[in-house]
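Okay, so here's the structure we're looking at.
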Amino acid sequence: MACLSPSQLQKNRNLKPRVVGSQPGAVQATAPAVLWERFQEDGFLVLEGFLSADECEAMQRRIGEIVAEMDVPLHCRTEFSTQEEEQLRAQGSTDYFLSSGDKIRFFFEKGVFDKQGNFLVPPEKSINKIGHALHAHDPIFRGVTHSPKVQALARSLGLQMPVVVQSMYIFKQPHFGGEVTPHQDASFLYTEPLGRVLGLWIALEDAVLENGCLWFIPGSHRGGVSRRMVRAPAGSAPGTSFLGSEPTRDNSFFVPTPVLRGALVLIHGEVVHKSERNFSDRSRQAYTFHLMEAAGTVWSPDNWLQPTPELPFPPLYI
């Protein structure tokens, strides 16, 4: 599984992110062919003003209510990390993470617990993300995920039978919101053939350099997948392992992608992206979910996340 070489990526150093629209719904005025061409070229696409301020506020208000009701037992308090060894030790060894695909569960920043698992910071400031089924179990997030705007966008990109495979609310807390290391979403959400997974990342607050906006390597989605997280056989520890490895990448190949509140960023499943730690005094909240084109696609049985009898992957078009 090869990746683009530095020589192939050299041309991307001076590229700027593609941006479409500046008002809510502006994507509707953009020809589908233009959207598809830009997305296929870069592997990501910024759609400014996709959600209104009121829609963003409704999601933030609802997540505040969910957090206020949070009750996570001590033995389930899992620190979230994208560092490979920490992933395998924390998420990969706990059923709380591995069985979260059809539930609403809470994952925390590093260093927010003492040795007994008690909070060292206010609980609402400790959360890294909530996943992975807000789209299925909460009316507000279900409404956004299946909204006419999202469905129209999916149709404009030619998706015939898209299903929702997961959703997350990401907090990127002020001062210590953790970095997300360079990765490809298909490493964790693998399909055959490749190219069938699409991320939709919605900024609920301005995402800028200071608070940890997304960074991409344009065109990197054309080089295959460098590694995969797979489930281990039942009863094994840890519960997941990695096949392959993430290559070292020159930081100069990454393009920062700051966006305003309400923007939607389309993310190809194989494009390499990251975000830095948030050292600012502002959070960088976002709602993100992934679609899979189900027509002619096999979801890998080795993926950590699997549909369940209680929650098969729901169709987007309802």
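FYI, side chains are in, hydrogens and waters are out, and symmetry mates aren't considered; it's all heavy atoms of this structure.
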Checklist line | Stepwise side-chain contact (heavy atoms from CB on, under 4.5 Å) test for Gln173 and Asn128 | finding: CA-CA 7 Å; Gln173 301 283 1; Asn128 175 288; over 6 Å; no

Checklist line | Donor-acceptor contact present, side-chain Ser187 to main-chain Arg227, <3.5 Å | finding: yes

Note to self: Nearest 0.5 angstrom please: Lys172 NZ to Ser280 OG, how far?
What the structure shows: 10.0 Å

Checklist line | Side-chain (Glu270) to main-chain (Gly195) donor-acceptor, under 3.5 angstrom | finding: yes

Next item on the list: Search all heavy atoms of Leu194 against all heavy atoms of Ala186 and return the closest pair with its distance.
Entry: CD2-CB, 4.4 Å

Margin query: Among residues at least two apart in sequence or on other chains, which ones pass salt bridge (Lys or Arg N to Asp or Glu O under 4.0 Å) with Arg196?
Written below: none

Check: Do you see a donor-acceptor pair shorter than 3.5 Å between the side chains of His135 and Thr145?
Finding: no

Notebook entry, point to check: Looking just at side-chain N and O atoms, do Ser226 and Glu246 make a donor-acceptor pair shorter than 3.5 Å?
Noted result: yes

Next item on the list: Ignoring hydrogens and angles, state whether a donor on the side chain of Tyr169 or Thr288 is under 3.5 Å from an acceptor on the partner side chain.
Entry: no

Notebook entry, point to check: Can you list the steps and then say if Arg284 with Glu210 is a salt bridge (Lys or Arg N to Asp or Glu O under 4.0 Å)?
Noted result: CA-CA 10 Å; Arg284 192 227 63 190; Glu210 292 76 16; over 6 Å; no

Checklist line | Donor + acceptor pair across side chains of Ser52, Asp54 (<3.5 Å) | finding: no

Notebook entry, point to check: According to a 4.5 Å side-chain heavy-atom criterion applied to Ile, Leu, Val, Met, Phe, Trp and Tyr, with indirect links allowed, do Met161 and Leu159 form part of one hydrophobic cluster?
Noted result: no

Next item on the list: Would you please say whether a donor-acceptor pair under 3.5 Å links the side chains of Ser300 and Glu192?
Entry: no

Note to self: Under a 3.5 Å threshold, yes or no: a donor from one side chain and an acceptor from the other, between Arg222 and Gln40?
What the structure shows: no

Checklist line | From Leu45 atom CG to Phe216 atom CZ, the distance as rounded to the nearest 0.5 Å | finding: 10.0 Å

Next item on the list: Could you tell me how the ring of Phe242 sits relative to the ring of Phe188: parallel (under 30°), tilted (30 to 60°) or perpendicular (over 60°)?
Entry: perpendicular

Item checked: Joint cluster assignment, Phe119 & Ile130, ILVMFWY side-chain distance < 4.5 Å -> yes

Notebook entry, point to check: Is a side-chain donor-acceptor pair under 3.5 Å present for Ser220 with Arg249?
Noted result: no

Next item on the list: Give, for atom NE2 of His132 and atom CZ of Phe97, the distance between the pair rounded to the nearest 0.5 Å.
Entry: 5.0 Å

Checklist line | Any donor-acceptor N/O pair, Thr308 side chain to Leu311 backbone, under 3.5 Å | finding: yes

Check: Under 3.5 Å, is there a donor-acceptor pair linking the side chains of His290 and Asp185?
Finding: yes

